[in-house]
Amino acid sequence: MLNEFLENELFGIDRLASRIDQKGNLYEKAFFFQHEGKRLFGIFHTPLNKDNIQHKIGIVMCQPYLIEPLITQRLEVDMARSLAQRGIPVFRFHYRGCGDSEGDFKDATLSSQISDTLRAIEVFAEQACLDSIGLLGIRLGGMVALMATEMEKRIKYLVLCEPIIEPKSYFLELLRTIRLSALANQQKTISTEQMIENLMSSGSVDVLGYPLYKEIFNETEPLNLIQSTTNFSGKSLLIQIAAFSLKIRKEFQLISEQIQRNGGSCDIKVILERKLVWDFISHPPVRSEKITDAILQWYEEKINSPSMKSSHKQV
Amino acid sequence: MTKNKLSSICAANNTEYPKIPRMEHPVFIQCADYELFGILNVPNGVLRDEKTVVILLNGTSIPRTHRNRLNVRLARRLSELGYFTFRFDYRGLGESTGDAEAGNLDRLHTQDVINIIDFLTDLICPRRIILVGTCFGARTALSVLPYRKFHGLVFISAPTVNEKGRAIHTASKRTFMQYLNKLRDWKKWGFFLDVNKFKRNLMHVIQKRKNSLSLLDVNSLIDDNVSNQLIYLIKSRTPSLIIYGTLDNYYENMSRFIKTIEPKKLQNVEFEVVAGEDVHSFTPAYVQDIVITKILNWITLKYSEQRINNE
């Protein structure tokens, strides 16, 4: 509700929520949108000059979970800006209970994240008049993105960046990191099993300053990304980030085969990136041109190529 | 409202704070050759007319929300109490544009904060500006004092040394944790290929061992820049709250420094200690709640008192 003060003194503040970068061919606008009684934060990156846009594809980004946005925050912004400068609008948003969005962190379950993603697609499609949508999911956001494809038919493209295959193993890895951190700080340590018991009895456990709630732990426990890839038949890219081995992981291979069996296409790119090693203790923000370039290259080859343009026109 | 009543409000459970509806506005602030992004919380209540703005400053390379949304939670609570708040990304971080090179203790982002103070002054003409800084953000806030006037400072767990001193000070613990973590997973072994980093870390550990005795000398624990700025802060009589955990790397340094100042000069400075905790890392989550409560209590008490005195 706008009160008198806002009308008189902060009139026009909404104009400050956007920026224009003429040189970089970029327009950005940050705003809050409503979903299930919560205001979610979103930011829209779009090319300034839309003349070169051949077909109306937009990308919605699905963030990682817990401590990982601290590592990937700048990578996400870089990717969004690069894609927008090349003519692909991008919408980034924060799930309820995460980042600048409203709600408690407890509200951020896997199903709520999928629901928020679907709402973000709706908001994005309205604003940018899009025909088809691509989802770019990072880590746990990869699972959210894949599961959202089953509910939204406009999703034709999927980019999964180092997706988490088994959330349960991921959470256990985080719990082991806590033990290690406690050990290094010469604090009392408890076993991982004991931590899970605590999680079940008290409802949450502290993971490096973030509460991990039993709701999301239980919800994701039976899930596996390979088994979730049952219906998606669009074009997809799997990005595997490795420190020094170019060998494709078996799980990625299985996901790719499954998508191809569904009638879709799936490319796998292995990127050597020593900086991105998911260090949850020092969590340095990572910037990687290699990842951004890989996505752009895939987009140019698979979506924006002349043959694809003609098939888009035929559609 | 009496001071006792105020204290009882502050000491009460968080849910008992009066809640005022608020609005949040994302803004881009045009600076020289970059743009800063932040979110302004606008309260909609009785204290709003006081126009007190609280600016939240993070550690280097931490986005505006901070760990576990510490800043978001603090901003919303302050806003519900009637204060304007502003959280933002430093240049090259989060949504802000500009030089991507992260700031460090020798390269504080003072200009970013000056730009924000100027922007907020133009926008809302605040009667008071309070800076709340953690780690690098606290040092940045302190460095703003000679350039812009502010009316309160919350200085949380900031390093008291320069960049080289910090690297040496934290070397062994951090190196041990990092290396142990990476050793566990062969996929992370690529980290060890960075020979220069390995060498640098090793040198810091050796230097720390070598200097361990001299580090106990208070003069070497507080960088001249920091001590000068702190003395300037004390002389300026700016109300300040300094928060450290007893397990913080720099708690001893700050504690010794405070003891060297005459008590009567410290009338406007409160030194709060969180016993048995490391505030700097903001882990575990309950430490975040302790710090939030301390900040809310101090701001509420300090500035409500001032309002009563003015009335």
Side-chain angles (χ1 to χ4, degrees), chain A residues 1-3 5-6 9-10 13-14 16-19 21 28-32 39 41 43 67 69-70 73-74 77 81 94 97-102 105 173 176-178 180-181 183-185 204 206-211 242-245 272-274 277-285 287, chain B residues 21 23-30 35 37 39-40 42 44 48-49 61-65 67-70 72 76 87 89 92-97 100 102 119 123-125 173-174 176-178 180-182 184-191 193-194 247 278 281-288:
Chain A
M1 191 177 73
L2 283 176
N3 57 35
F5 174 79
L6 281 174
E9 292 187 54
L10 290 177
I13 194 170
D14 286 344
L16 300 172
S18 57
R19 66 177 280 265
D21 178 1
E28 291 179 309
K29 187 185 176 190
F31 58 93
F32 286 90
R39 293 174 83 230
F41 174 81
I43 185 158
I67 197 167
L70 288 185
Q73 40 109 4
R74 193 60 194 188
V77 176
R81 285 181 178 157
H94 294 165
C98 300
D100 293 300
S101 292
E102 277 187 352
F105 198 57
E173 165 75 17
R176 279 192 284 270
T177 310
I178 306 169
L180 193 77
S181 171
L183 197 73
N185 286 319
S204 72
D206 195 287
V207 179
L208 302 164
Y210 288 76
F244 57 89
S245 166
L272 288 180
E273 188 60 273
R274 269 193 279 142
V277 286
W278 309 114
D279 181 346
F280 303 120
I281 294 171
S282 59
H283 54 74
R287 306 185 77 146
Chain B
M23 291 287 288
E24 286 187 310
H25 300 274
V27 289
F28 282 97
I29 301 171
Q30 183 66 54
E35 281 170 87
F37 179 79
I39 293 187
L40 177 68
V42 179
N44 182 10
R48 191 194 64 212
D49 302 330
S61 78
I62 303 271
R64 64 186 178 277
T65 53
R67 186 182 286 262
N68 190 21
R69 311 168 80 214
L70 179 85
V72 179
R76 286 178 183 165
R87 57 182 189 272
D89 293 314
L93 265 178
E95 316 298 333
S96 295
T97 63
F119 167 79
L123 189 73
I124 49 182
C125 305
K173 187 170 148 192
R174 197 167 165 195
F176 176 70
M177 281 163 74
Q178 274 191 347
L180 205 62
N181 191 30
K182 285 174 180 69
R184 285 167 56 231
D185 186 353
W186 68 268
K187 287 174 218 148
K188 294 177 180 174
W189 287 1
F191 177 85
L193 295 176
D194 193 342
L247 296 185
D278 172 7
S281 63
F282 286 102
T283 53
Y286 66 78
V287 173
Q288 300 159 10

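Numbered from 1 within each chain, the chains take letters A, B, ... in sequence-line order.
Ranked by heavy-atom pairs under 4.5 Å with chain B, the list P69(A), S101(A), A30(A) is led by S101(A).
For the residue pair G99(A) and V72(B), the shortest heavy atom distance occurs at O-CG2, 3.5 Å. What you find for A17(A) and F28(B) is that their closest heavy atoms are O-CE1, 3.5 Å. Residues H25(B) and D14(A) approach most closely at ND1-OD1, 3.7 Å, considering heavy atoms. Closest approach of R287(A) and G92(B) over heavy atoms only: NH1-O, 3.8 Å. In terms of heavy-atom proximity, E95(B) sits nearest to I43(A) at OE1-CD1, 3.6 Å.
Within the model, atoms CG of L40(B) and CG of L16(A) stand 10.0 Å from one another, a figure rounded to the nearest 0.5 Å. Here the straight-line distance linking atom OG1 of T65(B) with atom CG of L70(A) works out to 6.5 Å at 0.5 Å rounding.
When heavy atoms are compared at a cutoff of 4.5 Å, F32(A) approaches chain B solely by way of its side chain, counted from C-beta outward. Using a 4.5 Å cut-off between heavy atoms, V27(B) contacts chain A through both its backbone and its side chain. Heavy atoms of F31(A) lying under 4.5 Å from chain B belong exclusively to its backbone.
Looking only at distances, no side-chain donor or acceptor of D206(A) sits under 3.5 Å from a matching main-chain atom of P284(B). Under a 3.5 Å cut-off, the side chain of R67(B) and the backbone N or O of L208(A) do form a donor-acceptor pair.
Annotation: side chain of L93(B) is in contact with side chain of Q73(A) (closest heavy-atom distance under 4.5 Å).
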(message) Using the rule given for salt bridge (Lys or Arg N to Asp or Glu O under 4.0 Å), can you reason through R69(B) versus D100(A), listing the C-alpha separation, both sets of side-chain angles and the distance that settles it, and then say yes or no?
(response) CA-CA 8 Å; R69(B) 311 168 80 214; D100(A) 293 300; over 6 Å; no
(message) Would T97(B) and R19(A) count as a side chain to side chain contact (heavy atoms under 4.5 Å, CB included) here? Give the steps.
(response) CA-CA 11 Å; T97(B) 63; R19(A) 66 177 280 265; 3.4 Å; yes
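Annotation: cation-pi pair R87(B)/F41(A) absent, no NZ/CZ under 6.0 Å from the ring centroid and within 45° of its normal.
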